[in-house]
Visitor: 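Before anything else, here's the structure in question.
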Amino acid sequence: MPSNFPEPDDDLEALEEYLLSPDVPDGTMLLSELDGYLTAIAVLPKPISPEEWLPEIWDGEIPPLALRVDTNWVIGAITAHLDAIRCVLAEDPEFLDPVFVDDTDGSLLPEIWAEGFMRGVQLRRRDWTPLFEAEGWRLLAPIGIFAETPDGSPPLILSEKRREEVRANARPLFAACVAGLHGFWNATRRQDGESPRARPITVKIGRNAPCSCGSGKKYKRCCGA
């Protein structure tokens, strides 16, 4: 590892420095987008090899070893962050802490994280079919409203007021959605042989957590009432 890069304990700061450096190709993910993308990889319903998901971080191709950056260290740091996300999901998904960018006024910008997450979904979209057939799209909706489609338009339209309500609760709401997705796929794997189409989604969400429907209300005062 180059001397100007810190030890792996400082992975996130080092990754952010690298992703903002001139050593990366145009189209490389920013840290918030990378965190969202890796979170989607962590909850993918089927195993996926690094050879498939890694190139997407650099918009399609892992860059060659650069003079000032050890690519092997970068890949190791990215993999370590993915492992950390998987560990949180295995232990207690509601403690997931998405990496968001702050706007100039101090408000959160969940769009970049959401873009990364949905890129992870699109990578294996066919594998997500059982979720959509079981109306699991509701778990993706709060994230999806902040991710643009290829033509630049949001896939889900909300009023500005409703959109801002979701934005204000984006961090715990996204964590609750990811927890729900993780729970859905775990339940699916435990029930081999049963049709996902006929299986209802049963997700444990804390009663004081923001409702995953995107209303901005607490779960106990909305869908959990």
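Along the sequence shown, residues carry numbers from 1. Quick caveat: nothing in here was measured; it's all calculated off a predicted structure.
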Visitor: Measuring only between side-chain heavy atoms, which start at C-beta, is Asp83 closer than 4.5 Å to Thr79?
Guide: yes
Visitor: Could you grab the distance from atom NZ of Lys46 to atom CZ of Arg124, nearest 0.5 Å is fine?
Guide: 8.0 Å
Visitor: Nearest 0.5 angstrom please: Leu12 CG to His81 NE2, how far?
Guide: 5.0 Å
Visitor: Just verifying a value: how many Å separate Arg138 CZ and Cys177 SG, rounded to the nearest 0.5 Å?
Guide: 12.5 Å
Visitor: Apply side-chain contact (heavy atoms from CB on, under 4.5 Å) to residues Leu140 and Leu131 and explain how you reach the verdict.
Guide: CA-CA 10 Å; Leu140 276 175; Leu131 180 86; 4.1 Å; yes
Visitor: Would Arg167 and Glu111 pass as an ion pair if we require N to O under 4.0 Å?
Guide: yes
Visitor: For a 4.5 angstrom cut-off between non-hydrogen side-chain atoms, does Met29 reach Glu115?
Guide: no
Visitor: Quick one: are Asp127 and Leu44 in side-chain contact, heavy atoms under 4.5 Å?
Guide: no
Visitor: When you measure from the side chain of Arg171 to the backbone N and O of Pro98, does any donor-acceptor pair fall under 3.5 Å?
Guide: yes
Visitor: Counting only N and O atoms by type, is there a donor-acceptor contact under 3.5 Å from the side chain of Asp35 to the main-chain atoms of Val99?
Guide: yes
Visitor: Could you go step by step and tell me if Arg86 and Thr39 meet the side-chain contact (heavy atoms from CB on, under 4.5 Å) rule?
Guide: CA-CA 8 Å; Arg86 284 174 170 158; Thr39 302; over 6 Å; no
Visitor: Do Phe132 and Arg125 make a side-chain contact, defined as non-hydrogen atoms from C-beta onward lying under 4.5 Å apart?
Guide: yes
Visitor: For the residue pair Phe117 and Leu181, establish whether any side-chain heavy-atom pair is separated by less than 4.5 Å.
Guide: yes
Visitor: With sequence neighbours excluded, tell me which residues meet side-chain contact (heavy atoms from CB on, under 4.5 Å) with Ala114.
Guide: Ile143, Phe146, Ala147, Phe174
Visitor: Specify the closest pair of heavy atoms between Ala40 and Val121, including all atoms of both residues, with the distance to one decimal.
Guide: CB-N, 4.1 Å
Visitor: Hey, what do you get for CG (Leu82) to CG (Leu38), rounding to the nearest 0.5 Å?
Guide: 5.5 Å
Visitor: Got a sec, which residues hit side-chain contact (heavy atoms from CB on, under 4.5 Å) with Leu19, two or more places apart in sequence or on another chain?
Guide: Thr28, Leu31, Leu34
Visitor: Would you say that Trp128 contacts Val43 through its side chain, given a criterion of any heavy-atom pair below 4.5 Å between the two side chains?
Guide: yes
Visitor: Passes side-chain contact (heavy atoms from CB on, under 4.5 Å), Asp59 versus Asp26? Steps please.
Guide: CA-CA 8 Å; Asp59 201 25; Asp26 292 340; over 6 Å; no
Visitor: I'd like to check Val24 versus Ser21 (side-chain heavy atoms, cut-off strictly below 4.5 Å). Are they in contact?
Guide: yes
Visitor: Between Tyr37 and Trp53 (side chain of the first, backbone of the second, donor and acceptor by atom type, cut-off under 3.5 Å), is there such a pair?
Guide: yes
Visitor: Measure the CZ-OG distance between Phe100 and Ser32 for me, rounded to the nearest 0.5 Å.
Guide: 6.5 Å
